[in-house]
Every structure is written in structure tokens, then in C-alpha cells.
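Working notes, beginning with the structure itself.
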Amino acid sequence: MKTLLQLVISIAFVVFIRSVFAEIPPPADDLSTAYAAALDELGSGKDRQSIADHLQLVVEKHMKSPYASLAQPFLQDLISSAKRAPVGKDEPPENRLAETRMPFHLLKFEGNWGDPLKDFMTKQAPDPACELAAADRSVIARLIPLLADRSPIRSQTFIQLDWSQAQPRVCDLALALIEYHSKASFHESSSSGNFFHQLSEAEHEKVAERVALWWGEVKDKSVAAGVRAQLLHGRSYPETVMMALSLAKLTEGQKTDDREVALNVLRKMVTENSRNHVGVHAADALAELGDNSSMDVFYNEWKSWLGRPGLIHDSHIAFYLCQHGGRREWQLLHTISLAEIKEGKGPGAGAVWACVVNSGEADTNPNAIPILGLAISQTENTGSRSVQTGSQSFSYADTACEQLQKQTKMDFRYDRNGTASERLAAIRKAQAWWDSEGNKKYNYDFIEKYMDNAAKREGSAEDVRLKRKATT
């Protein structure tokens, strides 16, 4: 079950990244049908030339099809790969890589390098990609020449991420294997939406040349030295964050300055991007490494905005403050939310109070209670959700009321499966309680004491559990 959960999370991440670039698919036509069939036949092991012969007839008749941008390059690469001499099973795995059945995402995305990749490697050990993944880091030298190989691989994609997804080529998998062994990044597809083979010829050569130059510099050095050498050459912020995180983890506890170098790269990213999601991406990596210095950067930035109209608070920063912030940050969020509610600023305009309601912290962190007290006034329906009775229109007040009921243990009689009138009556009851009692009781002095006492109770309970365990 753990493996399945990890796989689902990794796939969800891929879908999220690809959705940025996904377009509504055009209507299916003869070419899209033929292209899909060709991919299935390739994955089933059918002769490449016979697949190409059939697909070519359809491509030539439908050059104006929107699917030609996928099918035509695929056909060209398939024809080229079909002309090559057959490769025997005893050939080195790099010579057989076009025959791999390893799903590309297992190697491309770091989140799959744990159980999902290991499970596939265990079950499919003779697969050439598995052999290359299981080899030591020196295999990079044998992979670099494959960065020019555009042969389509036989891997079947079991989930279609969007209609414009191309079939991976050998060069895509070779680069993914290089990044797997090096823990460095040379082409981040999430920043462009394209695989390595889809880059322009000049860009493709630039990446391949960088890999070769990098390997010449670090082949006799450590993995950490290789990451550090590539760190300042990241082509996108996800690449830079990933490599900084890898470098810090690889050198933790070692007597080098590598970890501090990585931390400083991330801190600089936060400082230079203190108003947007790039800074949060770096801040999340710092938090993972136990560094919460980003909190001061975001807090001071937002505090300086108070009273200045027209500024947009990035939702990623709001979520970060909710997840990692203490009393100081929550009071700032409350101050901002209070002004937004008075001004009529709603979720469509990037309201912070709406971010708090959707943060994932609002039903468990007591610091959110004062903001939930504000949000129960927002009764305009803004979305729909599935409940026991079917589909239901709901408001932020619905969500806030349910969260407030859970946090305060007050029974407002709110039931998400209730009728619209029943839910509104519960919301009105919560509003009346908040206006008369709740807002006076749940100030941040009370909440801080409440949380301290809860922590003490939790600590006492843990002490009792450990004592009982020791006696048994």
C-alpha cells in the first residue's frame, strides 16, 4: 500500500506540472487514431518498420491535422530507428535502450526514485534501463553518446497526461539516467513542457555539450562535487532548488562548506523572489533542511505592505505562512484578512482570508480561528462539491463554519450534507456566536496559552505512553 500511495503522489505531481502546459485536445481524427495505435504497437514489441509503413500512409493524408506535430516527428524517428541493425540480447544495455519497457516517469521524476523505481527494477531486472540504473556512476560515460539518439523507446505510458504528450526517445531516457546517477539536473521539462528531444537543435546540442563538459570535470570526483559543479548552471528555478536540496542532503554532517553553499543559494532565491512562488519553492526546500529564515523575509515584506492599496498577496506565500508560521505570522494574516473583508476583497482577487480557509491548516491550527470568524460572513456561493446527496453549491462560509465547528467544539448544527437552508441556518448561528462571544474569547493571547497547554498535555500523554511501554 505504501508503494501504491507513493506512486499516486508522484503521478499527481506529474499531472500538476503538465497541466500548466496542457491544452484542450482537438477532436479525434484518423491521424490521432493511427498515432495512438502506433504507440500501442511499439509498446507491444511489434516490428518498427511495419509500424512506420502503416503510420506513414495516414500521416501523408493528414498533414494539416493538429496531431501531425506529434505523429510526423515520431514517424521520422521511428523510420530512422528501424534502419538500424538488430541488437542482440547479449549487447551492452546502452545498445538496447530503445527496447526498454521502463515507464519514463520512474526515472525522470525524483519522487519516483524510491519504492516505485526499485519495485520495477526488482521485477524487470533484465530490462536495459534497469541495468543502467543499477550500475555505478561511471555508466554516465556510456550514456552521453546516447544524448543524440532519437529512437522512440517501447515504454507504454499507462496514464495520458495530456493530448500533446510525445513518446519519449532514447535521448530522453539517457538524460534521465544521467540525472538519476548524478543527482544533478541539466534539462527541467516542467519549465518548458517539452521533453529533451523536443528542444530546438541548438538547445539540444547546448544541453548535451554541457553534460559532456561537466562529466569531464567531475568524473573522478564525488557525487556532491558533481552537484556543486552544476548548481550554478541550473536552467530553471526547479532545477536549482532540486540541486541545492540534493547537495545539502548529500553533505550533511561532513566537514565541507557544501551544505552552506546550498543553503545560501536557496536563501538568495527567497530574498530575490520575496513576492512570488519562486521564493516559496526555495523556502520549502530550506524548511525541509531545518532552515526557517524565509519566514522573516516573507513576514517583513508583507508587513511593509500594510495600508498600501492594490498590492497582490501571492497565495503560495500565504500557504507557506500558514504551514510554518507562528503567532507573529498568523496575526499578520489576520490583520490583512480583516482589511480585505472590510474592503470586500474576495477569493477571485487573491484574498488572504480565502487562502487561509483553503490552506489545509484551518481545521487543525487554532491560530486560524480568528480568520475563520471573519470568513463565515462570506456566504456567496463560489464553487461546487460532491456530497452524499449529489453535487452541491457552497460558499467559503460553508467551509469556514465547518472548520470553526471542529476547532472550537461548538455545535452550530452544521452538516455539509444538509440542505442549503439548513447550512445557512448553521452559518447564521456561528456568526451570532462569533459576534457575541467567539471574537472576544479567541484572541491570540488565549490561543497561545491554549496551544501551550495542548502541547504540555500532549507531552504528558507521551511520557505516560513511554513509561507504560518501559514497564511492559
Side-chain angles (χ1 to χ4, degrees), residues 7 10-11 13-15 17-18 21-22 32 35-46 48 51-52 55 67 69-82 84 87 93-113 116-117 120-121 124 127-133 140 142-181 185-201 203-204 207-208 211:
L7 182 59
S10 299
I11 293 170
F13 172 74
V14 177
V15 172
I17 292 296
R18 294 287 298 179
F21 310 99
S32 67
Y35 176 61
L39 295 182
D40 287 341
E41 291 172 349
L42 182 66
S44 66
K46 190 173 180 179
R48 291 173 183 261
I51 300 173
L55 181 61
Y67 293 93
S69 61
L70 283 176
Q72 189 175 17
F74 171 78
L75 174 62
Q76 293 172 348
D77 293 342
L78 186 65
I79 291 173
S80 296
S81 67
R84 298 180 182 179
V87 179
E94 58 269 26
N95 293 351
R96 297 182 281 114
L97 195 54
E99 302 304 304
T100 183
R101 304 305 174 90
M102 178 182 284
F104 180 62
H105 68 271
L106 290 184
L107 272 170
K108 177 57 185 172
F109 298 101
E110 185 183 3
N112 292 324
W113 291 354
L117 177 59
F120 185 88
M121 291 173 64
Q124 304 291 338
D127 185 281
C130 292
E131 293 182 43
L132 291 166
I140 290 175
R142 292 150 53 192
L143 290 166
I144 290 176
L146 299 182
L147 295 178
D149 190 339
R150 295 179 58 91
S151 301
I153 61 176
R154 290 193 182 274
S155 301
Q156 289 181 312
T157 303
F158 69 95
I159 178 170
Q160 189 66 22
L161 304 178
D162 68 71
W163 75 271
S164 61
Q165 181 191 9
Q167 177 69 6
R169 311 305 203 252
V170 166
C171 61
D172 298 312
L173 196 56
L175 184 60
L177 282 161
I178 290 171
E179 293 180 337
Y180 171 73
H181 282 294
S185 182
F186 300 91
H187 167 61
E188 176 53 57
S189 61
S190 67
S191 66
S192 65
N194 294 325
F195 287 147
F196 177 48
H197 81 267
Q198 292 176 295
L199 294 177
S200 67
E201 185 176 349
E203 282 293 302
H204 192 281
V207 173
V211 174

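Only this structure's heavy atoms are used, side chains among them; waters, hydrogens and symmetry mates stay out. Everything numeric in this text was worked out from a predicted model, so none of it was measured. Throughout, numbering of the chain's residues begins at 1 and tracks the sequence.
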Item to check | Under the side-chain contact (heavy atoms from CB on, under 4.5 Å) test, residues paired with P93 that sit two or more places apart | outcome: R96, P128, E131, L132, R142
Checklist entry - Sequence neighbours excluded, which residues qualify as side-chain contact (heavy atoms from CB on, under 4.5 Å) partners of Q76? => result Q72
Checklist entry - Side chains of E179 and E110: does their closest heavy-atom pair fall under 4.5 Å? => result no
Item to check | Considering all heavy atoms, the nearest T100-A129 contact | outcome: OG1-CB, 3.2 Å
Checklist entry - For H204, what residues pass the ring pair (Phe, Tyr, Trp, His ring centres under 6.0 Å) criterion, not counting sequence neighbours? => result F196
Checklist entry - D40: what forms a side-chain contact (heavy atoms from CB on, under 4.5 Å) with it, not counting sequence neighbours? => result none
Checklist outcome for this item: Contacts of F120 meeting ring pair (Phe, Tyr, Trp, His ring centres under 6.0 Å) (sequence neighbours excluded), chain-then-number -> none
Checklist entry - Residues two or more places apart in sequence or in another chain: which of them pass side-chain hydrogen bond (donor to acceptor under 3.5 Å, both in side chains) with E203? => result R235
Item to check | Partner set under side-chain contact (heavy atoms from CB on, under 4.5 Å) for A52, not counting sequence neighbours | outcome: Q49, L75, L78, I79
Next on the checklist: D77: which residues meet the side-chain hydrogen bond (donor to acceptor under 3.5 Å, both in side chains) condition with it, sequence neighbours left out?
Outcome noted: R150, R169
Next on the checklist: Using the salt bridge (Lys or Arg N to Asp or Glu O under 4.0 Å) criterion, which residues pair with E99? Sequence neighbours excluded.
Outcome noted: R48, R154
Next on the checklist: Is the shortest side-chain heavy-atom distance between L146 and L177 below 4.5 Å?
Outcome noted: no
Checklist entry - With sequence neighbours left out, what residues match D149 under salt bridge (Lys or Arg N to Asp or Glu O under 4.0 Å)? => result R84
Checklist outcome for this item: Rounding to 0.5 Å, atoms CD (Q198) and SG (C171) come to a distance of 9.5 Å
